[in-house]
Chemist: 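Structure provided below as C-alpha cells; questions to follow.
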There are 2 protein chains.
Amino acid sequence: MDQQVGLGSLCFAKAPFIIGTASVVGTKEGEGPLADAFDCIGPDDKFGQQTWEAAESSLQKEALTLALGKADQKPEDMRYLFAGDLLGQLIASSFGLKTFEIPLFGLYGACSTCGEALALSAMTVAAGYADRVAAVTSSHFASAEKQFRFPLEYANQRPVSATWTVTGGGAFILSKDAKQPLAKVAGVTTGKIVDYGIKDSMNMGAVMAPAAAELIAQNLTDFKRKPEDYDRIITGDLGEVGQQILFDLLLKKGMDIRKQHEDCGMLIFDSQTQGTGSGGSGCGCAASVLSAHFLPKLASGELKRILFVPTGALLSTVSFNEGQTIPGIAHGVVLESCVSSAKKEG
Amino acid sequence: MDQQVGLGSLCFAKAPFIIGTASVVGTKEGEGPLADAFDCIGPDDKFGQQTWEAAESSLQKEALTLALGKADQKPEDMRYLFAGDLLGQLIASSFGLKTFEIPLFGLYGACSTCGEALALSAMTVAAGYADRVAAVTSSHFASAEKQFRFPLEYANQRPVSATWTVTGGGAFILSKDAKQPLAKVAGVTTGKIVDYGIKDSMNMGAVMAPAAAELIAQNLTDFKRKPEDYDRIITGDLGEVGQQILFDLLLKKGMDIRKQHEDCGMLIFDSQTQGTGSGGSGCGCAASVLSAHFLPKLASGELKRILFVPTGALLSTVSFNEGQTIPGIAHGVVLESCVSSAKKEG
C-alpha cells in the first residue's frame, strides 16, 4: 500500500508490462523523419472512409488491431479499453472501437490523453483489476482543423508558432505478466490544470509548457530524482516554441532538463522542409512517436528509463469564442526497460 | 487479487466509502418533485455567469465546494479528481475545476459519465492509490441544447420521446475510511459500446436502453444475483420511452426488473406538468438524483443495496450530421448501505 509517492505520483509495487504496441499514421507523417518506424502509413489520409472523422476512427481501429496482433492477443483478452481523441464527444473513439466490444472508459485530456490512458491502464492492471487492458488514442489533421480552427477548404494561413495536428494513432497492450515485454510502467504522475491566462489558440506550445513544467517538477520531487535519472524526458507536442518556455520555467526552479529533453512534435516532422510550424501536435502525435520511436529503444535496452509527458490544451471553439483562456494539462508516465544492463552489455 | 468478477465486473476487497456529496440544480429542477432534496437551487440558470457554459462550470464548482464542506475536507485532501460533462472538450469541467488544483482525470461517457467517474474513483481508492478522491459531473439544459440541437432562441419543437437535459451537477467524495459514511462502493460493472443502429437524436431513451439492458444483465450474471438482490436498479436517464424498451429487452433474457427499477430522469421532473417529454437527461441528471435522493436512503439504511446505472448516448452534431448511428454505453456502480440491519431495526 506504499504506492503513493509524494503529492502527485504513484510507484507501482507490481509494475505492469507493455507487451504490444502499434502506430498508424497519415501521408505527411509518412514523409517525415520517423517514416521507417511506423507500423502503417495510410495510402491517403481518408483510410478508406468518406469523412475525416470516420478516417480517424478507422486509423484508431487499425492501430488497436495491429497492436493486438503483435501482442498475440484477441480483443476478448482485453478486460478494459482506455481511449480518447480530440473530437467533441470522442466520436473518433466511439465509432472506431465499438466493434471490439471491450468495456470502455472514455477519456479526454486533449493532447495529453495518451498519458492519461496509459496511466489509468497501468493503475488498473497493477491493482489486479485486469490481467490485460488496451490504451488507444488518435488525432487527425483534417478532423482537428474542422473541429478547432477552419475547414481545410478555407485555406487559412498559420503563424509559425502554430503546431500541425498529426494524423495518427497509437495503441498499447498492457499486461500483468510478459515473456518479452517492450517496457514496464514503473509509475505515473497525474497533472493538474495549469492556466497562465494565454488566449492565443495558434500558440499551443506556450499554453502547454507551464503544465509540462509543473508535471516534470512534481515527478522529480515526488520520486526524489534529478533530470539525469532519466535517459529521456519526453513531452508530447510542445514544439520549438513550447520547448524554450519549458526550459526557462524549469531552469527557474533549478531544474535543467536540456540534455534529456525531446519533444514528439519536433521529432515527427521536419519543420524546415515540411512547413509544419512549431511541430506536430494532437493525441496521435505523442502516441505514435512513443509507439514507433521510443518503445523499441526501451525494448532493446538502449534507453533504460524515460519520463513520457504528453501535454494538452483545454479549449473548445465555444470557450475560445467566448473569450476564455486556454488552460493546459499534462500526464506523466515513467517507463523502464526490462532488459538488464548485464544482458545488454553481454 | 480475487476482485475480478465474471467478464465485466469488479468486487472490491476493501470497499471505499462515500463520505460526502452535494447536488446543485437549476430553476426547473427546483420546481420538480425532488425540489426539497437538492442542496442548492440556483436563483436563475446563469449561476452568476455571462454564458451558459460558464454557468455550468459555476454549478460544477459549487457542487464540489459543497461536497467538500459537508465531508469536512479541503481540496488539497483530494489526491485525484475524476470529472466530466457533455460539452465538446469538457469545457464545463476544465473551467469549473481548475481553481481546485487537484490532479485531474478528464472523462467522457456522455450521460453515463457519473457512473464512469464513480467507478474509477472507487477503483483508485480501493487499490490504495489515494486515501480520498472526488468525482464530479454536470450538465446544463442551455449549453447542451446549443451543443447538440439548436440555440434556445431558435425555439425548436420537440417530440414527446425527447428528453430534457437537466441543469445540475453532483459531486461525491470517496474515502478509504469513514466515521459516518453515506454508503460504500461495493463493486462496479463497466459497459461496452452497444449500437442498435438508431439514428433518431430525439429518442435517446431508445438509444441507451440496449446498453443499460446489457450492463444490468452483465452485472447480475457476474455477481450471480437476481434482480431482487437489489433494493433498486436505477438507470440514469432512459425516460418513459427507454424504460419500456429496457423492460422488454431484459424480459427476453428472463430478467424481470420491473419491481426494482427507477429512472433518475423520470424522478427529477413531473413530465405531465413540466413539459419535459420522456424525462430528464444529462450527466447532471443521474448525478444530482443519486446525490440528493438515493444516497440519503442508503445513509439511513432505508435502502440496503442498489445498482446505479447511468446511461450515455455517444453522438456529436458532427457524427449525427454525417449520418452515423447513435451508439449507447452504460456504467454500473453497486452501492451498499453501511447501516447494519440490527442497528436500523433497533
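Order of the sequence lines fixes the chain letters, A, B, ..., with proteins taken first and strands second; residue numbering starts at 1 for each chain.
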Chemist: State yes or no: are the ring centers of Tyr108(A) and Tyr108(B) separated by less than 6.0 Å?
Modeler: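 Distance test on ring centres: not under 6.0 Å, no.
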Chemist: Are the side chain of Ser112(A) and the backbone of Gly115(A) linked by a donor-acceptor contact shorter than 3.5 Å?
Modeler: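 A pair under 3.5 Å: no.
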Chemist: Strictly distance-based, threshold 3.5 Å: is any side-chain N or O of Lys98(A) a donor or acceptor partner for the main-chain N or O of Asp195(B)?
Modeler: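 Such a contact is absent between Lys98(A) side chain and Asp195(B) backbone.
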Chemist: Below 4.5 Å from any heavy atom of chain B, which atoms of Phe320(A) appear? Answer side chain, backbone, both or neither.
Modeler: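 The answer is neither part of Phe320(A).
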Chemist: Under 3.5 Å, is there a donor-acceptor pair between the side chain of Ser94(B) and the main chain of Leu90(B)?
Modeler: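 Answer holds: yes.
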Chemist: Looking at Tyr129(B), is its backbone amide N or carbonyl O close enough to the side chain of Gln3(A) to form a donor-acceptor pair, meaning the two atoms are under 3.5 Å apart?
Modeler: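 Not a single qualifying donor-acceptor pair exists.
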Chemist: Could you tell me which portion of Leu215(B) (side chain, backbone, both or neither) has an atom closer than 4.5 angstrom to a non-hydrogen atom of chain A?
Modeler: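 Interface part for Leu215(B): neither.
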Chemist: Under 4.5 Å heavy-atom distance to chain A, tell me which part of Leu107(B) shows up: side chain, backbone, both or neither.
Modeler: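 Both backbone and side chain of Leu107(B) come within 4.5 Å of chain A.
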Chemist: Please classify the contact of Thr325(B) with chain A as side chain, backbone, both or neither, using a heavy-atom distance under 4.5 Å.
Modeler: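 Both parts, heavy atoms under 4.5 Å.
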Chemist: Please tell me whether Gln60(B) and Ser138(B) have a donor and an acceptor in their side chains that are separated by less than 3.5 angstrom.
Modeler: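 Result is yes, a qualifying pair exists.
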Chemist: Check whether Ile329(A) gets within reach of chain B through its side chain, its backbone, both or neither, counting any heavy atom under 4.5 Å.
Modeler: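 The side chain, not the backbone.
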Chemist: Measure distances from Leu314(B) to the heavy atoms of chain A and classify the residue's part below 4.5 Å as side chain, backbone, both or neither.
Modeler: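 The answer is both parts of Leu314(B).
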Chemist: Between Glu101(A) and chain B, which part of the residue has a heavy atom less than 4.5 Å away: side chain, backbone, both or neither?
Modeler: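 Interface part for Glu101(A): both.
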Chemist: In terms of heavy-atom pairs under 4.5 Å with chain B, which of Phe148(A), Tyr80(A), Phe95(A) leads?
Modeler: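 Highest number of heavy-atom pairs under 4.5 Å: Phe95(A).
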Chemist: Under 4.5 Å between any side-chain heavy atoms of Val318(B) and Ile91(A), yes or no?
Modeler: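 Yes, at least one pair of side-chain atoms sits under 4.5 Å.
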Chemist: Using non-hydrogen atoms only, which part of Leu86(A) is less than 4.5 Å away from chain B: side chain, backbone, both, or neither?
Modeler: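 For Leu86(A), backbone heavy atoms alone lie under 4.5 Å from chain B.
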Chemist: Could you tell me whether Asp77(B) and Arg132(B) make a salt bridge, using a distance below 4.0 angstrom between a side-chain N and a carboxylate O?
Modeler: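 The answer is no: the pair does not qualify as a salt bridge.
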Chemist: Describe, in one word, how the ring planes of His140(B) and Phe47(B) are oriented to each other, choosing from parallel (under 30°), tilted (30 to 60°) and perpendicular (over 60°).
Modeler: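 Ring orientation, 0 to 90° scale: perpendicular.
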Chemist: Less than 4.5 Å to any heavy atom of chain B: does that hold for the side chain of Leu81(A), its backbone, both, or neither?
Modeler: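 Looking at Leu81(A), nothing touches chain B.
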Chemist: With only heavy atoms counted, which part of Gln147(A) is less than 4.5 Å from chain B, the side chain, the backbone, both or neither?
Modeler: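 Only the side chain of Gln147(A) comes within 4.5 Å of chain B.
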Chemist: Where on Thr189(A) is there a heavy atom nearer than 4.5 Å to chain B: the side chain, the backbone, both, or neither?
Modeler: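 Looking at Thr189(A), nothing touches chain B.
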Chemist: Find the one option among Pro327(A), Gly88(A), Ser316(A), Gly312(A) whose heavy-atom pairs under 4.5 Å with chain B are most numerous.
Modeler: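 Sorted descending by pairs with chain B, the first entry is Ser316(A).
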Chemist: Please classify the contact between Ser9(A) and chain B as side chain, backbone, both or neither, with a heavy-atom cut-off of under 4.5 Å.
Modeler: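 Backbone of Ser9(A) only, per the 4.5 Å heavy-atom cut-off to chain B.
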Chemist: Quick one: are the ring centres of His331(B) and Phe308(B) less than 6.0 Å apart?
Modeler: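 No, the ring centres sit 6.0 Å or more apart.
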Chemist: Hey, which of Lys146(A), Gln218(A), Glu322(A), Glu53(A) has the most heavy atom pairs under 4.5 Å with chain B?
Modeler: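 Most heavy-atom pairs within the cutoff with chain B belong to Glu322(A).
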Chemist: Among Gln89(B), Lys192(B), Glu76(B), which residue forms the greatest number of heavy-atom pairs with chain A at distances under 4.5 Å?
Modeler: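 Answer, by heavy-atom pair count under 4.5 Å with chain A: Gln89(B).
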Chemist: Measure distances from Phe100(A) to the heavy atoms of chain B and classify the residue's part below 4.5 Å as side chain, backbone, both or neither.
Modeler: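 Neither part; nothing is under 4.5 Å.
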Chemist: Pick whichever of Leu10(B), Thr124(B), Leu315(B) has the most heavy-atom pairs under 4.5 Å with chain A.
Modeler: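 Heavy-atom pair counts peak at Leu10(B).
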Chemist: With a 3.5 Å distance limit and no angle check, can you tell me whether Asp85(A) reaches the backbone of Ser93(A) through a side-chain donor-acceptor pair?
Modeler: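 Here the side-chain-to-backbone pair exists.
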